[in-house]
Amino acid sequence: MREFATNLAIDFLVAFGIVLGACMLAGIGSVLTLQAPSYKMLDIAGRIKIWAMVAAVGGTIDPIRVIETNFLEGHLSPAFKQIMYFVAAFAGAHIGTVLVKWICEGGVEP
């Protein structure tokens, strides 16, 4: 169980870091090219969210194959764990995107 929790935290933080890091570097790049950084950061945050999630869970089709084979064979525990890894990665990418929106727009959308 400890390994599962550790992997959940790592997937969450990797996806979060990818979104946050990409947006910060895009902001720096837009300042260097004399463009508005907030517009570019918001654009990148929306576009990189799914790729951050994919990178956090392994970047290949293998995680989905694990879900399929284990579920079809009746082994629900490994399939559930893999789904939870996807959920953790999505949560990290989404929270990173929300944080960038808060920074760029100055608040939360209603």
Side-chain angles (χ1 to χ4, degrees):
M1 185 63 168
R2 181 180 167 106
E3 181 182 350
F4 174 67
T6 301
N7 288 338
L8 279 178
I10 288 173
D11 285 350
F12 175 88
L13 292 171
V14 165
F16 180 79
I18 289 171
V19 170
L20 198 60
C23 292
M24 291 178 70
L25 289 173
I28 292 170
S30 61
V31 166
L32 293 175
T33 59
L34 303 174
Q35 298 174 359
S38 63
Y39 172 75
K40 185 56 77 176
M41 289 172 74
L42 289 171
D43 179 47
I44 293 296
R47 292 189 312 156
I48 203 161
K49 188 175 181 180
I50 189 71
W51 294 109
M53 189 178 108
V54 169
V57 295
T60 63
I61 198 72
D62 290 334
I64 295 173
R65 210 170 270 152
V66 168
I67 294 170
E68 176 192 16
T69 56
N70 285 308
F71 186 75
L72 292 177
E73 292 175 2
H75 306 294
L76 298 181
S77 180
F80 178 72
K81 285 181 179 180
Q82 199 65 43
I83 290 169
M84 291 305 298
Y85 293 145
F86 277 107
V87 169
F90 174 78
H94 183 69
I95 291 174
T97 302
V98 168
L99 181 62
V100 170
K101 286 182 180 180
W102 284 351
I103 292 170
C104 293
E105 295 175 351
V108 182
E109 293 181 19

Checklist entry - Of all heavy-atom pairs between Leu99 and Leu20, which one has the smallest distance, and what is that distance? => result CD2-CD1, 3.9 Å
Item to check | Cluster overlap Ile50 with Ile44, hydrophobic side-chain contacts below 4.5 Å | outcome: yes
Checklist entry - Distance from Thr6 atom OG1 to Met1 atom CE, nearest 0.5 Å? => result 10.5 Å
Checklist entry - Would one find more than 12 heavy atoms of other residues, nucleotides or ligands at under 6.0 Å from atom CZ of Phe4? => result yes
Item to check | Common cluster, Leu13/Val98, ILVMFWY with side-chain heavy-atom separation under 4.5 Å | outcome: yes
Checklist entry - Are Met41 and Ile28 co-members of a hydrophobic cluster defined by side-chain heavy atoms under 4.5 Å apart? => result no
Checklist outcome for this item: Closest non-hydrogen contact found for Ala52 with Val19 is CB-CG2, 3.7 Å
Checklist entry - Do any pairs count as a ring pair (Phe, Tyr, Trp, His ring centres under 6.0 Å) and have a residue in residues 9-56, sequence neighbours left out, and if so which ones? => result none
Next on the checklist: Counting C-beta onward and ignoring hydrogens, is there a side-chain heavy-atom pair between Leu42 and Glu105 closer than 4.5 Å?
Outcome noted: yes
Checklist entry - At their closest point, which heavy atom of Ala15 faces which heavy atom of Ala89, and how far apart are they? => result CB-O, 3.2 Å
Item to check | Straight-line distance of Asp43 CG to Cys23 SG, nearest 0.5 Å | outcome: 9.0 Å
Checklist entry - Do you know which two heavy atoms are closest between Leu8 and Tyr85, and how far apart they sit? => result CD2-CD2, 3.6 Å
Next on the checklist: Looking at Glu3, I'd like to know if its CD atom is crowded, meaning that more than 12 non-hydrogen atoms belonging to other residues, nucleotides or ligands lie closer than 6.0 Å.
Outcome noted: no
Next on the checklist: Is it the case that atom CE in Met84 sees more than 12 heavy atoms from other parts of the structure closer than 6.0 Å?
Outcome noted: yes
Checklist entry - In Å, rounded to the nearest 0.5 Å, how long is the span from CD of Gln35 to NZ of Lys40? => result 6.0 Å
Item to check | Shared hydrophobic cluster for Leu25 and Ile18 (ILVMFWY, side-chain gaps under 4.5 Å) | outcome: no
